[in-house]
Protein chains: 2
Amino acid sequence: MANIQQVAKYAGVSVATVSRVLNGQDKVAVKTKLKVEEAIQHLNYEPSMLGRNLRNSESRIVLILIPTISNPFYFEIIKGIENMALSQNYNILLCETDSSPEKEDIYFDLVRKKMADGIISMDPAVNVETLKTLSEKYAIIQCSEYGGGVDIPYVTIDSEEASYRAVKHLIQMGHRRIALMNSDEKFLYARERRMGYQRALEEHGIPLNKEYIFYTKELGFEQGQQAMKKILQLKERPSAVFAVSDLLAIGALKEINAAGLRVPEDVAVVGFDKIDFSNMTNPTLTTVAQPMYKMGTIAATMLIDKIQGRHVDSVVLEHELVIRESTSG
Amino acid sequence: MANIQQVAKYAGVSVATVSRVLNGQDKVAVKTKLKVEEAIQHLNYEPSMLGRNLRNSESRIVLILIPTISNPFYFEIIKGIENMALSQNYNILLCETDSSPEKEDIYFDLVRKKMADGIISMDPAVNVETLKTLSEKYAIIQCSEYGGGVDIPYVTIDSEEASYRAVKHLIQMGHRRIALMNSDEKFLYARERRMGYQRALEEHGIPLNKEYIFYTKELGFEQGQQAMKKILQLKERPSAVFAVSDLLAIGALKEINAAGLRVPEDVAVVGFDKIDFSNMTNPTLTTVAQPMYKMGTIAATMLIDKIQGRHVDSVVLEHELVIRESTSG
DNA sequence: CTGAAAGCGCTAACAT
DNA sequence: ATGTTAGCGCTTTCAG
């Protein structure tokens, strides 16, 4: 396979000139340029990024850290990141951490070893200490999820407010016994969403019933089913459930159905994320929409700015409550 | 940031020795090794893959080409590929082509430019000619989808047989008016599945009714809804539908429900792929399971073998019909 | 506008 | 067992 030397030789110019033609920055005489281009054509030359990357001390690869690829919530965000990255000549390495520190470390190593120029972390379970240390030397952005108190730029929504609005909607639909299906409160967003839930209840004079708050280990379908099973066994059965992820909510839907109850007549359900599937269920799911694609593009822009040494500020984006059949069938 | 030179200097040895310690192949005296390791520790040294990659003329990155990340069908396959790749020190670049030749070409360029060592293509819409040309110079494996007649190793299942069994199951459940929801027959797997469908009908003396065959542009939920809408308008309404993807089938489910009909009493439905979500619907979906994780690991193994110059043969894996509520509620 | 030459960080062949 | 050295393929001063 031809390299830049051979092209230079064939074209009768120096490698520097070939490089100039390749990068199109410096001025090259039209005639010379033509010669070089012909040589490139003739030799079927493709510049090697390996050489270029070493020379430039960059990999033009950015890491996306997600807990699991199976949660559709990440799709649109990833698309946003990808398109923005691509437009800036960066490629993305999608890294599934399975929320495991060991796997996480494999990927962190990639930036330590210069195989990646930066990281967009969407993993709430990420080892915050490591991330913090890393962020002193490398470009890191937190997207959607973020650890509090750490000085790493993030893009996210106001979880407390979103949660507040979702619960308020349920209250306005006449519900007073509202269950919360939350994930572990070691995650900041989980604490925030619980606070929004409480604020809505308080504001409407509904006393907090701790029996109505359920914690799940993960945000998946099965966890939603299990939690819903417990909820349905309560003496004073809630008439509504607010789940902090759509998959949880869909699990709840399924379980309610299995128990022979109807949504929303017997139990209303609200999810969170507006994943594609939330519109495929029967009934369709009321849910909180995050501007995922936009969040992705912004995260990518922030990261690239950071990589290139520019200053970046954190961003909080708007969200929207999408009312569908599961609360107002 | 420290480089190998500085480590060598600090340890009072040559760079070659440091490299030896790093790679652990050649023999190094324990004492020397200790000195080097201390230097590495002290200087916080991390070997740069940029230098190593250039030197070794490899990137240790493999490309996965998929039409869209939104189809959960790919999850398990990707996990399989990823785990196998990781265990061999390869990383994966997930590339969404959107079935667009332009985007495809961006990714092909990555291997032309040595940024990737090989490709696992799962995109049926891939430009077969380009792929063929590429495969003469680079390592390429087709996974799950493959173009016929091209001499590129693949791993897949027997689509014709899988389709045959799915339809046979419907016939055995007493159905005789069975619709087929297929994708464009420019794809080999679509032609094969149609053939399996026909074989099952023929074998049971059911005449082929062309009105019962529907083609969709994509394999998504919306396409399933649209096709089902048309199916429900037929004078002689089919009593069963075989869709070549779970998402199509789930769209059909939704539409049947919307029309006030029941599954499987009024219309039975069979999908294809056994995506996670096929178990979350109501009713749960009868579907054809492919050994996706295994397919992924095999594809990765094949690719790495190919990259490293070993010979590889194509593989056809077993499938399984998973009978659930949508055909035998 | 073009060329010569240095060097990014690493590995491996060769020499000792 | 260890050191010396020549590149891998590219970009970018610096001279001319």
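All figures in this text were calculated on a predicted structure; none of them were measured in a lab.
Between T32(B) and I4(A), the residue whose closest nucleotide on DNA chain D is further toward the 5' end is T32(B).
Every residue two or more places apart in sequence or in another chain was checked for a side-chain hydrogen bond (donor to acceptor under 3.5 Å, both in side chains) with E136(A), and none qualifies. Applying the side-chain hydrogen bond (donor to acceptor under 3.5 Å, both in side chains) criterion to R55(A), with sequence neighbours excluded, gives no partner residue.
Within 6.0 Å of atom NZ in K294(A), 12 or fewer heavy atoms from other residues, nucleotides or ligands are found, so the atom counts as exposed in its surroundings.
Looking only at distances, a side-chain donor or acceptor of D184(A) sits under 3.5 Å from a matching main-chain atom of K186(A). Counting only distance, with no hydrogens or angles, the side chain of D117(B) and the backbone of S59(B) share a donor-acceptor pair below 3.5 Å. When atom types are taken as modelled, the side chain of N71(A) and the backbone of F73(A) share a donor-acceptor pair closer than 3.5 angstrom. Of the possible polar contacts, one joining the E104(A) side chain to the N127(A) backbone as a donor-acceptor pair under 3.5 Å is found.
Ring orientation note: the planes of H42(A) and Y10(A) are close to parallel, at an angle under 30° on the 30°/60° scale.
When DNA chain C is scanned 5' to 3' for any atom under 4.0 Å from a heavy atom of chain A, the first and last hits are dC1(C) to dG9(C). Put simply, chain A comes within 4.0 Å of DNA chain D, heavy atom to any atom, from dG9(D) to dT13(D), going 5' to 3'.
Within residues 10-24 of chain B, the residues having any heavy atom closer than 4.0 Å to DNA chain D are, in order of number, G12(B), V13(B), S14(B), V15(B), A16(B), T17(B), R20(B). Across residues 39-52 of chain B, not one residue has a non-hydrogen atom less than 4.0 Å from an atom of DNA chain D.
Ion pairing of D105(A) with R112(A) is present here, as a side-chain N (NZ or NE/NH1/NH2) and a carboxylate O approach within less than 4.0 Å.
The NZ atom of K306(A) sits 6.0 Å away from atom OG of S135(A), with the distance rounded to the nearest 0.5 Å.
Side chains of S183(A) and Y189(A): a donor on one and an acceptor on the other come within 3.5 Å.
I78(B) pairs in a side chain to side chain contact (heavy atoms under 4.5 Å, CB included) with only one of the listed residues (I92(B), I69(B), N83(B)), which is I92(B). Partner of V312(A) under the side chain to side chain contact (heavy atoms under 4.5 Å, CB included) criterion, chosen from I141(A), T301(A), L303(A), I298(A): I141(A).
Within the nucleic acid shown, N56(B) comes within 4.0 Å of sugar-phosphate atoms alone, with no base atom in reach, counting heavy atoms only.
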